[in-house]
Amino acid sequence: MFRQIQRAIFSSFIALSCFLCFSAVGRPQATGHEHAIGGSVRNEEDDSPISQVHVQLQRSGNVAHPILITNDNGEFYFGQFPPGEYEVIAELDGYQPVRLPVNITRHDEINLIIRVRRLSSTAPTGDVTTAHQLRVPKKAHDAFDKGVSKADSNADYRGAIEEFQRAIKNYADYYESYTEMGLAYIRLKDLPSAEKALRKSIELSSAKYAPPLMLLAMVLNDQNQADDAQPVARQAIAAAPQAWRGHYELARALYSRRQVPEAEAAASTARALRPESPDVYLLLSEIHRSTHNAPALLQDFDTYLKLAPRGPAAPRVRQLREQLLKYMESQDRPGAQP
């Protein structure tokens, strides 16, 4: 246990960490008038990261950054660019190409998530939806596929929403279409409409289909609605206990509610399920910062830097790590207070 004077010293170090602007998802700000662009590519079916994806940045149809290859964690990072509208293009053999518009007029975009779908996959998968999918009429199924293609290949989210609405008109219980519609609204930054669509998907699936639960928990957390996000995240865990995202979103909600021990337990579960996720260690660093657990905080920093040495938060994590080491060394000197 740190004594009062030790807490004061540690708090002086903690004040420096405010410059990181760590939220549960970690959003470090770029300096000057340029903003960073980065994120990760994930498999739409199970949210797993995909490596070796070709990712390119374009602006007004011209190449703004040459093609990058995602790392083992599915991550990519282009660097900092002047404000404006850009497009991230992700391509990999066997998957539908994705074009994601990005606007960095006011802030960084370093947590972009690009979800790609296998060309052989014609519908969401999973034991929960197998029998349900067999009941989907062909007309509804075709509209769903068109919507997915418009969203993932052309970034035509409004056109995709029209297709998903058409699918629902032909099959009222098509909760996968409501989920995809919610995701399209998220990409359009229309969060009220996204929440409405996701809640409808959850209702129709009796909260047994995990994707809308995870997306809704994320949306609520991003809007600082931890009280609402917490029960949704627990439902996501019940629907898919081995999926790290549900535990991660639960940890975010619990930490926002200052239920720190419970948040640490949930974040630790997310880490056990997805030890290669840098975001988990950023969240754990916030938790361990609040508990003044210097050794654990150092381990969080070290692991993040190992997983994402060129990640958008890496320079500031290194800076904070140096400050933390100085603090820890000062406590080991002869005459330092126990």
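- Within 6.0 Å of CG on N103 lie more than 12 heavy atoms contributed by other residues, nucleotides or ligands.
- Applying the side-chain hydrogen bond (donor to acceptor under 3.5 Å, both in side chains) test between D142 and each of K138, K146, K139 identifies K138 as the sole match.
- When atom types are taken as modelled, the side chain of Y281 and the backbone of L307 share no donor-acceptor pair closer than 3.5 angstrom.
- In summary, E249 and R252 engage in a salt bridge, as defined by a charged side-chain N under 4.0 Å from a carboxylate O.
- Using a distance-only test at 3.5 Å, with no hydrogens or angles considered, a donor-acceptor pair links the side chain of R318 to the main chain of P309.
- Counting heavy-atom neighbours within 6.0 Å of Q299 CD, excluding the residue itself, gives a total of 12 or less.
- In this structure, the separation between CG on L213 and CD1 on I202 is 4.0 Å, given to the nearest 0.5 Å.
- No salt bridge links E44 with R42; every basic N to acidic carboxylate O contact stays at or beyond 4.0 Å.
- A salt bridge does not link K306 to D302: none of the charged side-chain nitrogens sits closer than 4.0 Å to a carboxylate oxygen.
- Classification of the F81-F78 ring pair by plane angle, with boundaries at 30° and 60°, yields perpendicular.
- R199 and E195 are joined by a salt bridge, as a carboxylate oxygen and a charged side-chain nitrogen come within less than 4.0 angstrom of each other.
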Original post:
Given the rule in the side chain to side chain contact (heavy atoms under 4.5 Å, CB included) test, do Q223 and D228 qualify, once you have shown the distances and angles that lead to the verdict?
Top reply: CA-CA 10 Å; Q223 297 180 94; D228 295 327; over 6 Å; no
